[in-house]
2 protein chains.
Amino acid sequence: MRSPEELSALFRAQGRKITAQRQCIFRVLQGDESHPTAESIHAAAKAHMETISLKTVYQTLHELAAMGEIAALDLGTGMTRFDPNTEGVHHHLVCRGCGKVRDLHADFSTVTVPTGAEEGFDVGDAEVVFRGRCRDCRRARATAPRRAKATARA
Amino acid sequence: MRSPEELSALFRAQGRKITAQRQCIFRVLQGDESHPTAESIHAAAKAHMETISLKTVYQTLHELAAMGEIAALDLGTGMTRFDPNTEGVHHHLVCRGCGKVRDLHADFSTVTVPTGAEEGFDVGDAEVVFRGRCRDCRRARATAPRRAKATARA
DNA sequence: TTGTCAAAGAACAATCGTTGGTGATAGCCT
DNA sequence: AGGCTATCACCAACGATTGTTCTTTGACAA
Ligand SMILES: [Mn+2]
Ligand SMILES: [Mn+2]
Ligand SMILES: [Zn+2]
Ligand SMILES: [Zn+2]
């Protein structure tokens with residue numbers, strides 16, 4: 001994702017309006033590596049701008065995603081996660097316990113993916129999602145009751 | 001997934017009742033490789049049993065999933081997909097156009113997944129989802145208007 | 001500056017897949 | 001047969017997301 005200033009310039013160049021809400025969202029996204037949800041972005045934005053609406057957050061996130069400035073990820077946690085880091089191709093570690101998402105920089109270039117032609121399927125891209133337990137959840141589980149109900153809420 | 005007869009025996013052994021609805025669902029699931037949704041399973045079941053309710057279908061599917069007889073997959077198509085094929089580990093091809101899901105039997109055993117310890121993340125398993133276009137959608141797209149709206153409905 | 005107008009925002013309701021209640025009926029199993 | 005489940009129909013709720021409507025605002029020209 002570009003800097004808030006560059007994004008503002010981009011928006012302006014595309015005829016979009018530069019509003020305080022959008023700039024606020026730009027700033028909130030800037031450097032956020034938590035793969036936040038729309039809701040958590042909204043919460044963070046409200047800390048700076050009490051009146052900003054969730055709808056506006058969704059709208060702006062979709063615009064940024066359509067522009068390729070951020071990525072919208074469906075990682076099976078129930079909510080769309082947004083990723084301002086679109087620089088390098090990377091994969092994700094998803095914690096089954098708390099839903100936290102972390103980047104995984106690993107090389108899968110040597111993986112033999114069947115060509116689309118031979119299966120009739122035009123493979124666009126491979127999405128590798130590793131599910132497991134983050135350190136915090138591993139620790140918590142060590143002392144937790146064995147059949148803890150998976151709440152899956154972040 | 002086991003045969004309808006074996007499943008009936010299993011249910012009986014667990015104190016669950018063997019009802020006509022459940023047997024109908026067992027039969028519908030048997031050999032279905034389309035990774036159906038609850039709704040499509042319901043539709044197929046209704047063809048044999050007009051009065052079966054969607055609720056019962058959901059309930060039975062969840063029971064089967066909890067028993068490990070089928071898998072419930074979140075492949076980002078908006079609805080949970082159910083997979084009666086739990087025999088071999090396999091991955092999935094998801095069509096971005098029509099949402100169809102196909103099995104992909106490919107060997108990723110040589111992929112160097114970072115060990116959980118070094119990242120503090122206990123990797124349970126890797127889920128590889130390939131997104132692209134199936135043959136039908138490729139054909140359709142060749143003649144379709146360029147900005148066709150993705151309906152994502154199977 | 002100020003007017004104009006489309007774009008953006010706020011508030012609210014609706015949507016979708018799914019789950020939860022209810023009470024009544026039906027049917028499995030001992 | 002009798003008890004206990006499962007199922008039914010119905011209706012409501014859920015959370016994430018989107019559509020609607022009305023109001024406000026920013027961008028640009030006069
Ligand atoms: Mn990321
Ligand atoms: Mn499969
Ligand atoms: Zn965790
Ligand atoms: Zn397709």
Side-chain angles (χ1 to χ4, degrees), chain A residues 7-26 35-43 45-46 48-67 72-82 99 149-154, chain B residues 4-5 7-26 35-43 45-46 48-67 72-82 99 149-154:
Chain A
L7 287 179
S8 294
L10 254 178
F11 266 57
R12 199 175 288 117
Q14 299 188 2
R16 301 176 198 269
K17 314 258 164 113
I18 309 305
T19 65
Q21 289 85 345
R22 286 180 162 176
Q23 289 176 310
C24 178
I25 294 168
F26 296 165
H35 303 80
T37 65
E39 243 179 62
S40 70
I41 293 164
H42 180 225
K46 275 219 291 201
H48 300 282
M49 180 177 266
E50 183 58 40
T51 67
I52 192 169
S53 78
L54 180 57
K55 178 86 198 269
T56 298
V57 172
Y58 269 112
Q59 192 171 288
T60 304
L61 290 173
H62 286 320
E63 285 167 336
L64 287 170
M67 293 162 64
L73 310 174
D74 180 351
L75 298 173
T77 58
M79 295 175 258
T80 303
R81 315 294 291 243
F82 295 91
K149 185 169 189 177
T151 57
R153 289 292 142 113
Chain B
E5 296 74 31
L7 286 181
S8 294
L10 254 179
F11 266 56
R12 200 175 287 116
Q14 298 186 2
R16 302 177 200 268
K17 311 259 166 114
I18 309 304
T19 65
Q21 289 87 344
R22 286 178 164 175
Q23 288 176 311
C24 177
I25 294 168
F26 296 166
H35 302 80
T37 65
E39 245 179 60
S40 71
I41 292 164
H42 181 223
K46 274 219 290 201
H48 299 282
M49 181 177 264
E50 183 57 40
T51 66
I52 192 169
S53 77
L54 179 58
K55 182 114 198 235
T56 299
V57 171
Y58 270 112
Q59 189 172 289
T60 304
L61 290 173
H62 286 321
E63 285 167 337
L64 287 170
M67 292 162 63
L73 309 175
D74 180 352
L75 298 173
T77 58
M79 293 175 259
T80 303
R81 316 293 293 243
F82 295 91
K149 185 169 191 178
T151 58
R153 289 291 144 115

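Letters go in sequence order (proteins before strands), and every chain restarts at 1.
Nearest-nucleotide assignment on DNA chain D puts the 5′-proximal partner with A:G78, out of A:G78 and A:K17. Mapped onto DNA chain C by nearest heavy atom, B:T19 and B:T80 fall at different nucleotides, with B:T80 at the one closer to the 5' end.
Rounded to 10 degrees, the angle separating the terminal helix axes of the helix from C:dT1-D:dA30 to C:dT30-D:dA1, each built from five base pairs, is 30°.
At whole-Å resolution of the value, CG in B:L54 and P in D:dC10 are 14 Å apart. Between B:E50 atom CD and D:dA9 atom C1' the separation is 14 Å, expressed in whole Å. As rounded to whole Å, 11 Å separates atom C1' of D:dT7 from atom CD1 of B:I25. Rounded to an integer number of Å, the gap from A:Q14 CD to C:dA8 C1' is 15 Å. Between the P atom of C:dA8 and the CZ atom of A:F11 lies a distance of 8 Å, rounded to the nearest Å. The interatomic distance linking A:M79 (CE) with D:dG15 (P) rounds to 11 Å, in whole Å. Protein atom CG of A:D74 is 19 Å distant from nucleotide atom P of D:dG15, rounded to whole Å. In this structure, the OH atom of A:Y58 is 7 Å from the P atom of D:dA16, given to the nearest Å.
Closest to the side chain of A:I18, from the set D:dA9, D:dA27, C:dG17, is D:dA27. For A:Q21, counting side-chain heavy atoms from C-beta on, the closest listed nucleotide (D:dT17, C:dT18, C:dG9) is C:dG9. Of the candidates D:dA6, D:dA27, C:dA10, D:dA27 carries the atom nearest the A:R12 side chain, counting heavy atoms from C-beta on. In the set C:dG9, C:dC29, D:dT17, the nucleotide with an atom closest to the side chain of A:T56 is C:dG9.
The minimum heavy-atom distance between B:T80 and B:A72, with the atom names listed, is CG2-CB, 3.9 Å. The two residues A:C24 and A:A45 have their closest heavy-atom pair at SG-O, 3.7 Å. Here the shortest heavy-atom pairing between A:G76 and B:D74 reads CA-OD2, 3.3 Å.
No engagement by B:H42 is indicated, since no non-hydrogen atom pair under 4.0 Å with the nucleic acid exists. In this structure, B:I52 reaches the sugar-phosphate backbone alone: every heavy-atom distance under 4.0 Å involves primed, P, OP1 or OP2 atoms, never a base.
Side-chain nitrogen and oxygen atoms of A:R22 include none within less than 4.0 Å of the OP1 or OP2 phosphate oxygen of D:dG26. OP1 or OP2 of C:dT19 lies within a sub-4.0 Å distance of a side-chain N or O belonging to B:H62. A sub-4.0 Å separation between OP1 or OP2 of D:dT7 and a side-chain N or O of B:Q59 is present.
Between atom NE2 of residue B:H35 and atom OG1 of residue B:T77 there is a gap of 11.0 Å, rounded to the nearest 0.5 Å. The distance from atom CG of A:L73 to atom OG1 of A:T37, rounded to the nearest 0.5 Å, is 12.0 Å. Rounding to the nearest 0.5 angstrom, the gap separating the NZ atom in A:K55 from the NE2 atom in A:H42 is 13.0 Å.
Contact of the B:I52 side chain with the B:I25 side chain is registered, since non-hydrogen atoms from C-beta on lie closer than 4.5 Å.
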Under 3.5 Å, side-chain donor or acceptor atoms of residues 12-23 of chain B against the rest of the protein: list the pairs with distances, not counting sequence neighbours.
from  : atom 1 : to    : atom 2 : distance (Å)
B:Q14 : OE1    : B:R16 : NE     : 3.0
B:Q14 : OE1    : B:R16 : NH2    : 3.3
B:R16 : NH1    : B:E63 : OE2    : 3.4
B:T19 : OG1    : B:R22 : N      : 3.2
B:R22 : NH1    : B:K17 : O      : 2.9
B:R22 : NH2    : B:E63 : OE1    : 2.9
B:R22 : NH2    : B:E63 : OE2    : 2.8

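For B:K55 against C:dG21, a side-chain-to-base donor-acceptor contact under 3.5 Å is present.
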